[in-house]
**Q** 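Here it is, the structure, as structure tokens.
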Amino acid sequence: QVQLVESGVGSVQPGGSLRLSCAASGSIISINHIGWYRHASVKARGLVAVSTIGVGGRTDYADSAKGRFPIPRGDAKRTVYLQMNSLEPEDTATYYCYCFVQAGTSRGGSHWNDCWGQGTQVTVSR
């Protein structure tokens, strides 16, 4: 089983910064994709990518995250952070960590599966 554990819940005033972390654990062989997602708006049902790392370490950012929300990676590559700078009230949301990984099985094989973190609430207000 692959698990993602998030941390870093917090509230901040506009213009402030927060750092979220996401640690992946389990029988991971390789990570194809890992990153952060959130609902597009308060009323939206689907999740949209905020900052992600794909194959070969390629990073992708939503337009609203470019230049503000870098996604540094831990030394062990199984931990990613979301460094949230210059926060605005519109950034208020629950942020979810997501990964798509190749994991080993108890029988010695492997399979691909995706996983979600528990969600981290970020509130930006005066």
Side-chain angles (χ1 to χ4, degrees):
Q1 292 288 339
V2 178
Q3 291 185 325
L4 294 178
V5 177
E6 303 174 24
S7 62
V9 61
S11 299
V12 66
Q13 294 185 350
S17 297
L18 283 175
R19 193 182 202 193
L20 308 183
S21 67
C22 172
S25 63
S27 55
I28 297 172
I29 298 173
S30 63
I31 298 177
N32 177 278
H33 179 97
I34 188 167
W36 296 91
Y37 289 72
R38 52 168 281 186
H39 292 289
S41 66
V42 174
K43 296 182 178 181
R45 296 180 64 181
L47 293 170
V48 295
V50 177
S51 303
T52 62
I53 301 175
V55 175
R58 171 181 168 171
T59 53
D60 287 297
Y61 300 94
D63 287 343
S64 62
K66 289 178 182 177
R68 295 194 304 137
F69 294 178
I71 181 170
R73 207 163 184 173
D75 290 339
K77 306 300 182 185
R78 292 190 177 193
T79 300
V80 292
Y81 304 93
L82 185 64
Q83 180 62 49
M84 310 175 76
N85 302 315
S86 302
L87 282 159
E88 303 167 352
E90 293 74 21
D91 297 317
T92 295
T94 300
Y95 288 76
Y96 297 89
C97 186
Y98 167 80
C99 73
F100 182 61
V101 306
Q102 184 183 23
T105 67
S106 59
R107 297 184 178 182
S110 66
H111 63 94
W112 289 92
N113 68 300
D114 53 8
C115 43
W116 290 92
Q118 77 273 22
T120 302
Q121 177 64 38
V122 171
T123 302
V124 185
S125 64
R126 297 192 180 280

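Hydrogens, waters and symmetry mates play no part in the numbers below; they use all other heavy atoms, side chains included.
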**Q** Quick one: closest heavy-atom pair of A65 and S51, and the distance?
**A** CB-OG, 4.0 Å
**Q** Do I29 and V101 come within less than 4.5 Å of each other through their side chains, counting heavy atoms only?
**A** no
**Q** Give a yes or no on whether W112 and W116 share a hydrophobic cluster (residues Ile, Leu, Val, Met, Phe, Trp, Tyr; joining criterion: side-chain heavy atoms under 4.5 Å apart).
**A** yes
**Q** For a 4.5 angstrom cut-off between non-hydrogen side-chain atoms, does S17 reach Q83?
**A** yes
**Q** Kindly write out the residues that satisfy side-chain hydrogen bond (donor to acceptor under 3.5 Å, both in side chains) with E88, not counting sequence neighbours, or none if the list is empty.
**A** none
**Q** Taking side chain as C-beta onward, heavy atoms only, is P70 less than 4.5 Å from N85?
**A** yes
**Q** Are any non-hydrogen side-chain atoms of Q121 and T92 less than 4.5 angstrom apart?
**A** yes
**Q** Report yes if some heavy atom in the side chain of P72 is under 4.5 Å from a heavy atom in the side chain of R19; otherwise report no.
**A** yes
**Q** Is V124 linked to Y37 within one hydrophobic cluster, defined over Ile, Leu, Val, Met, Phe, Trp and Tyr using a side-chain heavy-atom separation of less than 4.5 Å?
**A** no
**Q** Can you name the nearest heavy-atom pair linking N113 to A103, along with the distance?
**A** OD1-CB, 3.8 Å
**Q** Side chains of L47 and Y98, heavy atoms from C-beta outward: is any pair under 4.5 Å?
**A** no
**Q** In Å, rounded to the nearest 0.5 Å, how long is the span from OH of Y61 to CH2 of W36?
**A** 13.5 Å
**Q** For residues T105 and H111, report the shortest heavy-atom separation together with the two atoms involved.
**A** CG2-CD2, 3.2 Å
**Q** Using the rule side chain to side chain contact (heavy atoms under 4.5 Å, CB included), only one of V50, I53, T52, I71 pairs with D60; which is it?
**A** T52
**Q** Atom CG in L87, atom CD in Q13: separation rounded to 0.5 Å?
**A** 11.5 Å
**Q** Would a 4.5 Å heavy-atom cut-off, applied to side chains only, mark I34 and R73 as touching?
**A** yes
**Q** What's the shortest heavy-atom distance between L18 and G10, and which atoms?
**A** CD1-O, 3.8 Å
**Q** I'd like to know if the side chain of H39 and the backbone of G46 have a donor-acceptor N/O pair within less than 3.5 Å.
**A** yes
**Q** Among residues at least two apart in sequence or on other chains, which ones pass side-chain hydrogen bond (donor to acceptor under 3.5 Å, both in side chains) with R78?
**A** none
**Q** What distance do H33 atom NE2 and D114 atom CG have between them, rounded to the nearest 0.5 Å?
**A** 10.0 Å
**Q** So how far is it from S25 OG to L4 CG, rounded to the nearest 0.5 Å?
**A** 7.5 Å
**Q** First locate atom CD1 of I31, then atom CD of Q102, and finally report the distance between them rounded to the nearest 0.5 Å.
**A** 11.5 Å
**Q** Given side-chain contact (heavy atoms from CB on, under 4.5 Å), test R68 with D91 step by step and report yes or no.
**A** CA-CA 11 Å; R68 295 194 304 137; D91 297 317; 2.9 Å; yes
**Q** Taking only residues two or more places apart in sequence or in another chain, which ones pass side-chain hydrogen bond (donor to acceptor under 3.5 Å, both in side chains) with T120?
**A** E6
**Q** More than 12 non-hydrogen atoms from neighbouring residues, nucleotides or ligands closer than 6.0 Å to CD on Q118, yes or no?
**A** yes
**Q** Could you state the interatomic distance from OH (Y95) to SG (C22), rounded to the nearest 0.5 Å?
**A** 15.0 Å
**Q** Looking at every non-hydrogen atom in both residues, tell me the closest pair between Y81 and G74 and how far apart they are.
**A** CE1-N, 3.9 Å
